[in-house]
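Have a look at the structure below before the remarks.
As the structure lists them, so they are numbered: ligands from 1, and atoms in each ligand from 1. Both backbone and side-chain heavy atoms feed into the values below; hydrogens, waters and symmetry mates do not.
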Amino acid sequence: MSERRSATDIFRLLADDTRVSILRAVAVAQFELEGAGAGAAELAFSEVYEHVDVENTSKLSYHLGELTGTYLRKTDDGYSLSHAGERIVRFILSENYERPESFGPEPVGGVCVFCGEETLEASLSQQFFRIDCTACEQQVTGQPITPAQIRTRDGDSLVQSVKLRSAEDARQIRRGMCPECGAHLSADVVAVPESPLPDADSLVVTSTCEECLREYNSPLTYSVVYHPASVAFHWERGIDVTRRGIWEFHERVYEGRWTSEQTASEPDEYKVVLRHGDDAVRLYLDSTATVMRTERVRGESGEFRNS
Ligand SMILES: [Zn+2]
Ligand SMILES: [Zn+2]
């Protein structure tokens, strides 16, 4: 077991052209060798030597030794990428360290959560995908986006990719997993009385990753949209919520059809109601925003169907 090294030591290992080309070469060679269904290919020393522009085998041997343990794994069959090697080589190959190309403003569907107008525009701002309302000039949403995401798409397909990423992230966050690093998230529900959001939802779920220090915030109503009870409820009404962007739910909160409220304290409990037409699905949450129970309500008569 090697001793714990500092982050500077780890990055210093990469400050060398030959080592970066070794990592690239391993990724390229694996890509060429791996058939469908095969695991990660392990490369023999001679195979790595074939792919890398290095003066002699002793130099290659030295650099491979430096990378092994951190960026490469070595078995009797050869070399392959470690977890850190995977992350760094994909980062290098996708050129996600470059500045993203600009895009927009591009009109997008949906309603402004603040003023109710259908005047939303997407653009890139401070390297974030951002939606602004041109009527009230407020920012409606901001989502992280990668340079490769922008480089390989345009227009509608770019907007679709943002929706997909945010829906996938929201599903992991709801189940307590950090989409960034995979660690456990702890969640809290907090009241935000001064929230600019409509009164229908003034509760926010804050999920914190104590490993990578990422924090994710979501209105309580949106945090349950991808719960199976909500997915099924909407699916039966012709709506696939998993294909919707967060900003496409604003209309429901703006009109007060989606609401949240605190129903008990110590221990705290919350209720979210997602209404569609005369029907609704109610989700009951605990203080960590975990859904404890759901029920369907049909019509205004309050006929219940528990699930
Ligand atoms: Zn507006
Ligand atoms: Zn994390």
Nearest 10°: the angle subtended at the Zn ion (ligand 2) by C181 SG and C212 SG? 110°
Got V189 and L285 here, is their nearest side-chain heavy-atom distance under 4.5 Å? no
Test: K163 and E248 ion pair at under 4.0 Å: yes
For the Zn ion (ligand 2), angle spanned by C209 SG and C178 SG (nearest 10°) is 110°
Side-chain donor-acceptor contact under 3.5 Å, D9 with S6: yes
Under 2.8 Å from the Zn ion (ligand 1), the protein N, O or S atoms, given as residue and atom: C112 SG, C115 SG, C133 SG, C136 SG
Side-chain donor-acceptor pair under 3.5 Å between R174 and S207, yes or no? no
Is a donor from one side chain sitting under 3.5 angstrom from an acceptor on the other, for T70 and R5? yes
Ring geometry between W258 and Y222 (parallel below 30°, tilted from 30 to 60°, perpendicular above 60°): perpendicular
Check: Y284/E295 side-chain N/O donor and acceptor closer than 3.5 Å: yes
